[in-house]
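Please read all numbers here as calculations on a predicted model, not as lab measurements. All chains are named by letter (A, B, ...) in the order of the sequence lines, taking the proteins before the strands, and each is independently numbered beginning at 1. What you see below is based on every heavy atom in this structure, not just the backbone, and it leaves out hydrogens, waters and symmetry mates.
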There are 2 protein chains.
Amino acid sequence: MDASERLIESTRELLWERGYVGTSPKVIQERAGAGQGSMYHHFRGKSDLARVAIERSAGEVRAEAERRLAAPGPALERIAAYLRREREVLKGCPVGRLTQDPDVMADPVLRAPLGETFDWLRDRLAAVLAEGRDHGEFDAELDPAATAATIVAVLQGGYVLAKAAGDSAEFDRAVTGVLALLRRA
Amino acid sequence: MDASERLIESTRELLWERGYVGTSPKVIQERAGAGQGSMYHHFRGKSDLARVAIERSAGEVRAEAERRLAAPGPALERIAAYLRREREVLKGCPVGRLTQDPDVMADPVLRAPLGETFDWLRDRLAAVLAEGRDHGEFDAELDPAATAATIVAVLQGGYVLAKAAGDSAEFDRAVTGVLALLRRA
DNA sequence: GTCTATATACAGATAGAC
DNA sequence: GTCTATCTGTATATAGAC
């Protein structure tokens, strides 16, 4: 892995662990094993590096969701598989956590991938729900868009609860609750 | 309002807007209209001031929830009133946002109120759900604890979605979705 | 209680040598 | 491409005068 790549991966980790405001160029360089000169040669500065890191993380979040949601099987099973997939729950969502970062939100370039990711995810889940509803898995009155927003919110909120409790079981509990509700929908 | 009080309120606002890592003693002092000498006379430092501010915000979040959940009426109506109460959605949750702050999470004193708040809220909602179930409002199989965790997660996740989209409608959508699911539970 | 002065460290770069 | 030196500003205090 060359220096540029190590800098991007280190930045992704640090944005995940500490956010943008809490991450300095210095610690990025140290973790990447690269010097200042190297970092400022490959990137214009902290925000430029963060842009690349955020775009990559957003892409991964989408790809991982698509893997589960595009699988064969009933809609509810695919959604359950996505919600229950292995996650580093106590680290939180690498994309969602950035919505709490004032400097990310203040910069349209850094912020854009966040909105796009959740828009895409909600629409993708809504499509799966609509498909399930049309196959008679859910009540005909089910609102796919609102229900999809609820599911994404349970995920993001589940991370928050787990972090607050210091226990990933809290995430599992929220997921179990919403799946039980969906089973009766 | 004396200087001590102004410092606490300014800190509460700034923790809400920018988090702990993103807030410096200097901007706290400026917003409070107090000098350094004043701040360090009343508080031992930034984290001491933050402790007081966080404890107060956590208390308010609980009091506001209790106001709606202790009201008379059917369980589902009280929960709906709580979820739909007026909120500064795009500012996020003043308590939940702190779970993303590395320096808050690293300090047991600053962190404790977060866990306590969400524990309390989940248990309070679970009690309301159990009450509704026992009155025949919900299916006898409803799991109050898991469902309560889901509801709190929808709230916290709803804030995340709204911020990412830059639109409070996304929060409303998630809330609408979970209420529709609860109506069929 | 509040003010000003001072201090150490870090943030976030830029410049130029190699 | 990477290194070292340098720079301006901020973070987070402490000390002592008033």
### Task
Would you indicate, yes or no, if dA11(D) has its OP1 or OP2 atom less than 4.0 angstrom from a side-chain nitrogen or oxygen of Lys26(B)?
no
### Query
Are OP1 or OP2 of dC3(C) and a side-chain N or O of His41(B) less than 4.0 angstrom apart?
no
Over how many whole Å does the gap from [X] atom [atom1] to [N] atom [atom2] extend?
X: Leu7(A); N: dG12(C); atom1: CG; atom2: P; answer: 15 Å
X: Asp103(A); N: dA11(C); atom1: CG; atom2: P; answer: 14 Å
X: Ile28(A); N: dA13(C); atom1: CD1; atom2: P; answer: 10 Å
X: Gln29(A); N: dT4(D); atom1: CD; atom2: P; answer: 12 Å
X: Glu30(A); N: dT2(D); atom1: CD; atom2: C1'; answer: 16 Å
X: Asp48(A); N: dT14(C); atom1: CG; atom2: C1'; answer: 16 Å
X: Phe43(A); N: dG1(D); atom1: CZ; atom2: C1'; answer: 13 Å
X: Met39(B); N: dT2(C); atom1: CE; atom2: C1'; answer: 14 Å

If we count only N and O atoms by modelled type, under 3.5 Å, do the side chains of [X] and [Y] hold a donor and an acceptor together?
X: Arg67(A); Y: Tyr82(A); answer: no
X: Arg12(B); Y: Ser57(B); answer: yes
X: Thr176(B); Y: Arg84(B); answer: yes

### Query
Can you list the steps and then say if Glu141(B) with Arg133(B) is a salt bridge (Lys or Arg N to Asp or Glu O under 4.0 Å)?
CA-CA 9 Å; Glu141(B) 306 247 318; Arg133(B) 182 198 56 188; over 6 Å; no
### Query
Given that Gln36(B) and Arg6(B) both sit by DNA chain C, which one's nearest nucleotide is further toward the 5' end?
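That would be Arg6(B).
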### Task
Scan Thr23(A) against the nucleic acid and name what it touches under 4.0 Å (heavy atoms): base, sugar-phosphate only, or nothing.
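If one applies the 4.0 Å heavy-atom cut-off, Thr23(A) turns out to touch the sugar-phosphate alone, with no base involved.
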### Query
Which part of the nucleic acid does Ser4(A) contact within heavy-atom distance under 4.0 Å: base, sugar-phosphate only, or nothing?
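Counting heavy atoms under 4.0 Å across all strands, no contact is made by Ser4(A).
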Kindly point out which of [options] is positioned nearest to the side chain of [X]?
X: Pro25(A); options: dA13(D), dA11(C), dT2(D); result: dA11(C)
X: Tyr40(B); options: dT14(D), dA13(C), dT2(C); result: dT14(D)
X: Lys46(A); options: dG1(C), dG1(D), dA13(C); result: dA13(C)
X: Ser38(B); options: dA11(D), dA13(D), dT2(C); result: dT2(C)

### Tyr159(A) side, atom OH; Leu90(A) side, atom CG - distance, nearest 0.5 Å
10.5 Å
